[in-house]
Number of protein chains: 2
Amino acid sequence: MRIGELSRRTGVSVRLLRYYEEQGLLRPERQPSGYREFREADVATVGRIRSLLGAGLGTAEISGVLDCFVEDCERLVPTCAEMLGDLERARERMTGMIDDLQESRRMLDAVIAAGPSEEPERAMLYRP
Amino acid sequence: MRIGELSRRTGVSVRLLRYYEEQGLLRPERQPSGYREFREADVATVGRIRSLLGAGLGTAEISGVLDCFVEDCERLVPTCAEMLGDLERARERMTGMIDDLQESRRMLDAVIAAGPSEEPERAMLYRP
DNA sequence: CTAAACTCTGACATCGGTGTGAGAGTCAAT
DNA sequence: ATTGACTCTCACACCGATGTCAGAGTTTAG
């Protein structure tokens, strides 16, 4: 499919899709006219890119992570042994982020469960 | 403590600490000379700010989240009822990020467990 | 053939988060 | 009083991610 269709189906702007290609996150084929030709699987890839960006990973790390997966195959294989260290570091980083988010969410849960204060002025700020 | 000490203890630059104050994330007292005076609790606050930024939240959302907590108190109280909606949305957003990170981490785990491929050229990329 | 829609590349711009430097005031030890 | 370290504000700069626009080529339906 062409870039406009991918944009409509993913909700991601054409500008950003070109930027993702520039950053190595997407690798569309090119027609003789120079037009990009994306694959059906790219719809899911763009979704993944968006969620990883939203979760704080940068394009360079996402590119490395995406390089690890093999499409339409039960067995996932890293493209080379050297990437294992990178993958493990990416994994650790994700674990740290998950831990941070979970702890923050627990605190939010406690605040939400407490309900609105009847005396907001009395409540001191977390950073007084 | 003064800004230089907070910077050393947290590993965060003086420039960033001033930026965080500018964004409402930190609220140091001011001495008559204009010097900032931070609290011991600000060391932990800065740590939390860093991890939330790293996890993809922006300074505006972090400021709202930090406003919800009460220092040195068993019971956490939101400062006003209107924030509950914001807190719940922040909570949902964190849940979405956690889910995304966990799914990506599961995929990384599968790749790492598979070990290095002996024929990396044979492996197709996730985005072929 | 025509026209509208689509796409190309390149360039400029914005915003958030970050770094660096200038000029001047403050602090604290000597 | 002096001096080195620290701190203040302001300004400029960079980078990543994003948006907008211009000029020109391509596609597709009529």
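All of these numbers come straight from a predicted model, not from anything done at the bench. Every heavy atom of this structure was used, including side-chain atoms; hydrogens, water molecules and symmetry mates were not. Chain A is the first sequence line, chain B the second, and so forth, proteins listed ahead of strands; every chain is numbered from 1.
When rounded to the nearest whole Å, the span between CG of L6(A) and P of dT7(C) equals 10 Å. Spacing between atom CZ of F38(A) and atom P of dC8(C) amounts to 7 Å, rounded to whole angstrom units. Here the C1' atom of nucleotide dC8(C) and the CD1 atom of I3(A) are 9 Å apart, to the nearest Å. In this structure, the CD1 atom of I62(B) is 7 Å from the P atom of dG17(C), given to the nearest Å. Put simply, CG on L16(A) is 9 Å from C1' on dG19(D), counting in whole angstrom units. Residue L52(B) contributes atom CG, which lies 15 Å from atom C1' of dG17(C) at whole-angstrom precision. The distance between atom CD of E61(B) and atom P of dG17(C), rounded to the nearest whole Å, is 11 Å. Atom CZ in R18(B) sits about 15 Å away from atom P in dA11(D), given to the nearest Å.
Toward the 5′ end of DNA chain D lies the nearest nucleotide of R30(B), the other residue of the pair R30(B) and S33(A) mapping further downstream.
Atom CZ of residue F38(B) and atom CZ of residue R27(B) lie 13.0 Å apart, to the nearest 0.5 angstrom. From R105(B), atom CZ reaches atom CD of E92(A) across 9.0 Å, with rounding to the nearest 0.5 Å. In this structure, CD in E88(B) is found 11.5 Å from OG1 in T95(B), a value given to the nearest 0.5 Å. Going from atom OG of S51(A) over to atom CG of D99(B) covers 10.0 Å, rounded to the nearest 0.5 Å.
For S13(A) and dG19(D), the shortest distance from a side-chain N or O to OP1 or OP2 is below 4.0 Å. Look at R50(A) and you won't find any side-chain N or O under 4.0 angstrom from OP1 or OP2 of dA17(D). Side-chain N/O atoms of R15(A) include none lying less than 4.0 angstrom from OP1 or OP2 on dT14(C). For Y20(B) and dT18(C), the shortest distance from a side-chain N or O to OP1 or OP2 is below 4.0 Å.
Side-chain proximity of R2(B) to the nucleotides dG16(C), dC6(D), dC6(C) is greatest for dC6(D).
Below the 3.5 angstrom threshold, one finds a donor paired with an acceptor across the side chain of Y35(B) and the base of dG25(C).
Ionic pairing of E40(A) and R9(A) is present here: one or more N-O contacts between side-chain nitrogen and carboxylate oxygen are shorter than 4.0 angstrom.
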